[in-house]
Amino acid sequence: QPQLVESGGGLVQSGGSLRLSCEASGHSFSTFTLGWFRQATGKDRSFVASISRIDTNTLYSDSVKARFTISRDHAKNTMYLQMNRLTPEDTGVYYCAARNGGVSPYTKAYVFWGQGTQVTVSS
């Protein structure tokens, strides 16, 4: 099974940008559809974005569409989430996840999860 490790989180001011990375090891990276989810304190984990195995399909939540961009580098076994125009509502722990099948916004559709990276956006 793949091991997923997120990085790139931190503290940023409202309107700023961050790029998160998710490095996969232990299994063929290109086998899986990948996704980003986030969880704010006291709230359920929610979908952010997903990218298919061969990058042909992407899916975004309405709240991040046009601000965030998901991508993956097969040579580096790494997925990215470029986050622009951040707001305090984007604060939370960001998780990467992997699944078989196509892009999906459903948490339960993903089998493998990383440990998360904290993103804090100050107002």
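Bear in mind the structure is a predicted one, so any value in this text is a computation, not a measurement.
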Please say yes or no: joined through hydrophobic side-chain contacts below 4.5 Å, possibly via intermediate residues, are Val64 and Val12 part of one cluster?
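Val64 clusters together with Val12.
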
Flag yes if Val111 and Trp36 sit in one hydrophobic cluster, no otherwise; membership is Ile, Leu, Val, Met, Phe, Trp, Tyr, and two members link when side-chain heavy atoms are under 4.5 Å apart.
yes

If only atom types and distance count, is the side chain of Arg85 paired as donor or acceptor with the main-chain N or O of Ala66 below 3.5 Å?
yes

Heavy-atom donor-acceptor pair, Glu6 side chain to Leu20 backbone, under 3.5 Å:
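Such a contact is absent between Glu6 side chain and Leu20 backbone.
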
To check you understand the geometry: which heavy-atom pair defines the closest contact between [X] and [Y], and what is its length?
X	Y	result
Lys65	Asp62	NZ-OD1, 3.3 Å
Val48	Phe68	CG1-CD2, 3.8 Å
Phe32	Arg72	O-NH1, 3.0 Å
Arg67	Leu86	NH1-CA, 3.9 Å
Asn57	Val103	O-CG1, 3.6 Å
Ala98	Leu34	CB-CD2, 3.6 Å

Could you grab the distance from atom [atom1] of [X] to atom [atom2] of [Y], nearest 0.5 Å is fine?
X	Y	atom1	atom2	answer
Met79	Ser71	CE	OG	9.0 Å
Leu59	Ser52	CG	OG	10.5 Å
Ser46	Gln39	OG	CD	8.0 Å

Is Arg99 positioned over the aromatic face of Phe112, cation under 6.0 angstrom from the ring centre and no more than 45 degrees off axis?
no

Looking at Tyr94, does the NZ or CZ of Arg38 lie under 6.0 angstrom from its six-membered ring centre and within 45 degrees of the ring axis?
no

Below 6.0 angstrom between ring centroids: does that apply to Phe37 and Tyr95?
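For Phe37 and Tyr95, the ring centres are not under 6.0 Å apart.
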
Checking side chain to side chain donor-acceptor pair (under 3.5 Å) against Ser50, which of Tyr60, Tyr106, Tyr110 comes through?
Tyr110

Report the C-alpha separation of Thr69 and Thr58 in whole Å, then their side-chain angles, then the decisive distance to 0.1 Å, and conclude whether the side-chain contact (heavy atoms from CB on, under 4.5 Å) test is met.
CA-CA 9 Å; Thr69 302; Thr58 57; over 6 Å; no

Could you tell me if the side chain of [Y] sits less than 4.5 Å from the side chain of [X], heavy atoms only?
X	Y	result
Tyr80	Ile70	no
Trp113	Thr107	yes
Val119	Leu11	no
Leu4	Cys22	yes
Gln13	Ser122	yes
Pro105	Ser61	no

Cut-off 3.5 Å, side chains only: do Ser17 and Asn84 have a donor facing an acceptor?
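Yes, a side-chain donor-acceptor pair sits under 3.5 Å.
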
Got a sec: does the CD of Gln118 have more than 12 other heavy atoms crowding it under 6.0 Å?
yes

